[in-house]
Participant: 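Encoded as C-alpha cells, here's the structure I'll be asking about.
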Amino acid sequence: MPATVRRGSRWESKGIILLLLAVSITSGCATQKWASVRKSPNNPLEGPLQLMSHTGPKVTDRTRQSLRVLGLEKYADGSYEKGLAELAAIIEKEPTGDNLYTFAELSYIAAARADAMGKDATALELYAGSVSHAYYFLFECKEGVSANGYDPRFRQACDIYNKSLEGSLRLVKAQGRLKQGETYRIKTPNHVFHVSLDTVGRWKDTQFQDFKFTSDYQVEGLKNQHRQYGLGVPLIAECKDNPPQAPGADYFPPNLTFALTAFLQVEHTPQIDPETNKKIHYCKIHLYDPLEKPEIEIHGRTIPFEADISTPLAYLLDSSSLAPTYMATLGLLSPGEQTEQRGIYMLEPYDPKKIPVMMVHGLWSSPMTWLEMFNDLRAQPEIRKDYQFWFYLYPTGQPFWISAAQFRADLDAMRADLDPQHTAIALDQMVLVGHSMGGLVSRMQTIESQNDFWNLVSDQPPSQLKGSPEDTEALKNVLFFEPNTSVRRVITMGTPHRGSDFANSTTRWLGKNLIALPSFVTGSSNRLIAENPGFFRNRELLEISTSVDSLAPDSPVLPEILDAPKAPWVKYHTVIGVVDQDTWLGYFSGRSDGIVKYESAHLDEAVSEKIVTADHNTVHRNPQSVIEVRRILREHVEQLKQEYYSSLQQPAIEPTMHDPVMPASHLAPVQRFAPQQTNPLRPSIYTTPPSPN
C-alpha cells in the first residue's frame, strides 16, 4: 500500500516538525525575498548633479564654466528652454565636444525638473535632446571619441546617455507605448526624432509583455550582483502570456524573465520635417541580450553594453511559480504531485555550440538552490562563452535510484527533441553537477548495472518475471541500465556515496509515515510481488523505501554503485564540506559537513577532491566551491581542445574544424556515423567504447 499522511494527529504534527527541522539542514530552501523595490531608482548622476538636493538638480562646476565662456551662465539655474535654444544655435556652428556635453547635461537637468513636476511631454523632449547630444559627444566629436575614459566627463557623458534614455523609456512606458515594433515622434527645439523599438538577436521573434528597469530593484537574496559597465539601459523582460520564441523554449519555466539592454543609435539624414521645418533624426532603440552580445561596434569602436544579469534572476526567483520552498516540500512529501513539473529546465535559449552543465539538486530542494553558483559562474565571460546551464527538477521523496531512472529517460527524451540526428557535438561533452542526493542521481548516469542490481531483489532470470508490460518494463528500467555516452564529467558536492547517519531509525520512520509515494511507484511493485510469489528474495527493497531510507549507510544499493563498472570516458570530481572544527557543530559532527561524513563523500576514483569549510546546506554555495567548479569547467574545455588537436594527426578521424554546428575551440574529435546508429562510438573521445543500448 502506498504511504499516506494521516491528518489531525498530534504525532503527525510533531513528526512533521521534527522531519522538517532535520531535513532543513540539507535543503537550503528558506523563504526569502530575492529582490526588493528601491525607494528611488539607482542613479549615478545623483551626486554629481545633486538630484536629491532640496534646491533641485544643479549643473556641475565645469558645465557652469562652459556656459560662462559662452556668455550663457544666466541659464545655468533656470530658463532652460531659452538657454538650450541659444546653445543649439551655437552647436550648429561649433559642434565641439565641450558644447555638446554642456547641452546634454543642461538638457538632462531640465528634463529631470520637468519630469518631477509631471510635465511629461516637455520632459520627453528634453530627455531626447540629452541622450542624442550625449551620443554625439561620445561617438561623433573628436573630444569625446579620443577621451577613452581619461576625462571624467567621458564617464559622466555615458551616465547622462544611460539615464536620459532610461527617462525617455519610462515616460514612453507610462503612455503604454513601450512595445516592440512601435515608432513614435519626438520634437525638440531644433530637431525631430523618429524613435523605433525592436528586439534583436536570439529574442527577435519574442513579444515581451512588460519591461521593468533593474535600477528600480535592490538584489537581496543573491550574495553577488554582477554588472557590466558601459552604455545602455538594463531591463527585465517578462514573458507572461506568450511563450518565448527561442530554441529550447519548451524547457523554460513559466513566467521566465530575461536580462536585456536597451541601446539607442542615432542616424542623421538630410530630411526635413514638413510640419516643423526641422531636421529629422532616426533613433533606433534595439534590445540586446547582454549574455549573447555583450558589446557593439560603432564607428570602428567596440562599446560594452551596460548590463545587469543578476537583478532579472532575483526578480525571477520572486515571481516564479516554481517557488523554492513550495516546490522542494511538494517533491519531498508528495512526490506524485510533482510529476508534471519534473524534468529539465533552461533559463536561456538552447545553443547547440555550447556544452551543457546540468545541475541536480538534493533532498528537499529544487533547482533554485543552484542559483547562487549559477549567478557567479554565468558572470564569467569564458564560462559563458563555452557553457550553457540546465537544471533538473525531480521529486526527492522517492528513492534516488528511481529518480536516476527518470533522469536517464529525461536526458534521452531531451536529446531526441533537441538533436535527433546527434549532430550537436557539444551535447556529448556534458558535465553533471550534483549536490547531496543529486550526486548519486548524477553518478548513476555513468555506471553499468550488468546483473548486479537485479541480483539485489531476485536470483531468478528477469525473463521469467510475470506481469503487465508496463510494470515489468518499469522495474527493468530501474535495475538495468548503461552509462550515458553524452556525460563526460560528474562533480559531486556533499554527496553520501556510502550513506549518511542522518538516515537513522527516527528519520526513516518519520519518512515512511509522512512521505506519500505515488501509486505508479508503489502500485507497480505490489502487483509484481502478488503475481510472482517467491520470485523476489528482497521484498523490502522492492516494496520501495523512501528517499530517506535509500540514503541509509546500510542501503544495499550504495555498495553496488561504488563497485559497478564505470564509464572510462567519465572523470569524477568531489567537493566535500567539513564544518569548522572549532565550533560547537564541528565538535559534535567530527570531520563531516554535519550530515555527510568525509569518508562517505570521498571517492577513490575522483581525479580531484576539494575540501571546503562549509556545512551540508552551504557546501555548493561556498565561494571556494564555485571557484573549484569554474576550474573544472576550464580544464574540461582545455582537454577537449587537446583532444581535437591530437585528432588532426589521426587520418582515420574526420577533422571538424569547419563544422557548422560547433566552433573548433569547443571540439573533441568526432567520427561520423549514419543517423540510424544509436550511441555511436567515438574512439577519439572515449578510450573504451560504451556498451550499445
Side-chain angles (χ1 to χ4, degrees), residues 41 43-45 48-49 51 57 59 63 80-81 84 87-88 91 95 97 99-115 119-141 144-145 153-175 177-178 182-198 211 213 215 229-235 260-269 278-288 296 298-299 303-306:
N43 191 336
L45 296 172
L49 301 185
L51 298 179
V59 298
T63 294
Y80 296 111
E81 183 175 350
L84 288 170
L87 187 54
I91 290 174
N99 292 343
L100 288 169
Y101 177 88
T102 300
F103 189 102
E105 184 180 306
L106 192 64
S107 186
Y108 179 80
I109 289 175
R113 286 179 175 270
D115 202 350
K119 299 179 179 180
D120 293 351
T122 300
L124 184 58
E125 291 180 8
L126 291 168
Y127 279 135
S130 177
V131 68
S132 60
H133 283 76
Y135 182 91
Y136 300 150
F137 170 82
L138 292 169
F139 299 114
E140 298 187 8
C141 77
V145 170
R153 263 190 171 181
F154 180 83
R155 181 61 238 183
Q156 196 155 306
C158 295
D159 292 335
I160 290 174
Y161 171 94
N162 293 346
K163 301 312 290 187
S164 296
L165 179 56
E166 182 175 320
S168 301
L169 295 176
R170 286 181 183 275
L171 292 172
V172 172
K173 180 184 176 183
Q175 298 172 4
R177 298 168 62 188
L178 188 59
E182 289 276 332
T183 300
Y184 47 95
R185 183 170 173 267
I186 298 175
K187 295 185 297 181
T188 65
N190 288 78
H191 306 278
V192 173
F193 297 97
H194 289 190
V195 184
S196 61
L197 178 68
D198 291 291
F211 298 101
F213 300 91
S215 60
Y229 295 95
L231 291 180
V233 180
L235 300 173
L260 294 180
T261 294
F263 184 80
L264 176 142
Q265 286 184 262
V266 182
E267 295 182 1
H268 304 293
T269 69
K278 297 175 181 178
K279 292 182 179 180
I280 298 176
H281 302 273
Y282 289 94
C283 298
K284 296 182 179 180
I285 301 176
H286 287 153
L287 303 178
Y288 294 93
I296 190 173
I298 299 179
H299 301 327
I303 309 300
F305 287 127
E306 184 90 3

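All values below come from the heavy atoms of this structure, side chains included, with hydrogens, waters and symmetry mates left out. All residue numbers in this chain count up from 1 along the given sequence.
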Participant: Do Ser215 and Glu166 pass the side chain to side chain donor-acceptor pair (under 3.5 Å) test, and can you show the C-alpha distance, the side-chain angles, and the key distance before you say yes or no?
Facilitator: CA-CA 10 Å; Ser215 60; Glu166 182 175 320; 2.8 Å; yes

Participant: Would a 4.5 Å heavy-atom cut-off, applied to side chains only, mark Gln156 and Pro44 as touching?
Facilitator: no

Participant: Got Lys119 and Arg113 here, is their nearest side-chain heavy-atom distance under 4.5 Å?
Facilitator: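 Not in contact.
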
Participant: Does Gln265 reach the side chain of Phe139, with side-chain heavy atoms less than 4.5 Å apart?
Facilitator: no

Participant: Which heavy-atom pair separates Ile91 from Asn99 by the least distance, and what is that distance?
Facilitator: CD1-O, 3.6 Å

Participant: Within this structure, what is the CG-NE2 distance for the pair Leu264 and His286, rounded to the nearest 0.5 Å?
Facilitator: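 Spacing of CG (Leu264) from NE2 (His286) equals 9.5 Å.
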
Participant: Show the nearest heavy-atom pair for residues Tyr80 and Pro57, with the distance to one decimal.
Facilitator: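 In this case the closest contact between Tyr80 and Pro57 is OH-O, 4.4 Å.
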
Participant: Has the side chain of Ser107 got a donor or acceptor atom that lies under 3.5 Å from a matching backbone atom of Leu126?
Facilitator: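 Yes: the side chain of Ser107 pairs with the backbone of Leu126.
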
Participant: Kindly give the heavy-atom pair with the smallest separation between Ser130 and Ala104, and that separation in Å.
Facilitator: OG-O, 2.9 Å

Participant: A cation-pi test, strictly: NZ or CZ of Arg170 under 6.0 Å from the centre of the six-membered ring of Phe213 and no more than 45 degrees from its axis. Yes or no?
Facilitator: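 Judged by the rule, Arg170 and Phe213 form a cation-pi pair.
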
Participant: Would you call Leu51 and Leu45 a side-chain contact if the rule is heavy atoms closer than 4.5 Å?
Facilitator: yes

Participant: Decide yes or no for Thr122 and Leu124: does some side-chain heavy atom of the first lie under 4.5 Å from some side-chain heavy atom of the second?
Facilitator: no

Participant: To check you understand the geometry: which heavy-atom pair defines the closest contact between Tyr108 and Ser164, and what is its length?
Facilitator: CD1-OG, 3.2 Å

Participant: Please confirm whether the backbone N or O of Glu306 pairs with a side-chain atom of Thr261, one donor and one acceptor, at under 3.5 Å?
Facilitator: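 Side chain of Thr261 to backbone of Glu306: a pair is present.
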
Participant: So which atom in Pro95 and which in Leu100 form the shortest heavy-atom distance, rounded to 0.1 Å?
Facilitator: O-CD1, 3.8 Å

Participant: For Phe263 and Lys284, what are the C-alpha separation, side-chain angles and deciding distance, and is it a side-chain contact (heavy atoms from CB on, under 4.5 Å)?
Facilitator: CA-CA 8 Å; Phe263 184 80; Lys284 296 182 179 180; over 6 Å; no

Participant: Do any N or O atoms from the side chain of Asn162 and from the backbone of Gly230 form a donor-acceptor pair under 3.5 angstrom?
Facilitator: yes

Participant: Strictly under 6.0 Å, is that where the ring centroids of Phe103 and His133 end up?
Facilitator: yes

Participant: So how far is it from Ile285 CD1 to Ser168 OG, rounded to the nearest 0.5 Å?
Facilitator: 7.0 Å

Participant: Tell me, please, which residues at least two apart from Thr63 pass side chain to side chain contact (heavy atoms under 4.5 Å, CB included).
Facilitator: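 Per chain and number, Thr63 pairs via side chain to side chain contact (heavy atoms under 4.5 Å, CB included) with Val59, Thr60, Leu67, Tyr101, Thr102, Glu105, Arg153.
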
Participant: Are the side chains of Tyr127 and Leu165 in touch, meaning some heavy atoms are under 4.5 Å apart?
Facilitator: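 They are not in contact (no side-chain heavy atoms under 4.5 Å apart), so the answer is no.
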
Participant: Indicate the atoms forming the closest heavy-atom contact of Ala110 with Leu84, along with that distance.
Facilitator: CB-CD1, 4.5 Å

Participant: For Lys173, does the NZ atom have more than 12 heavy-atom neighbours from other residues, nucleotides or ligands under 6.0 Å away?
Facilitator: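 Buried by this count: over 12 neighbours within 6.0 Å.
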
Participant: Test side-chain contact (heavy atoms from CB on, under 4.5 Å) on Phe211 and Leu169; report intermediate values, then the result.
Facilitator: CA-CA 10 Å; Phe211 298 101; Leu169 295 176; over 6 Å; no

Participant: Does some side-chain heavy atom of Pro304 sit less than 4.5 Å from a side-chain heavy atom of Leu231?
Facilitator: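 Counting from C-beta outward, Leu231 and Pro304 never come under 4.5 Å.
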
Participant: Measuring only between side-chain heavy atoms, which start at C-beta, is Phe137 closer than 4.5 Å to Ile160?
Facilitator: no

Participant: If you measure from OH on Tyr288 to CZ on Phe305, what distance do you get to the nearest 0.5 Å?
Facilitator: 5.0 Å

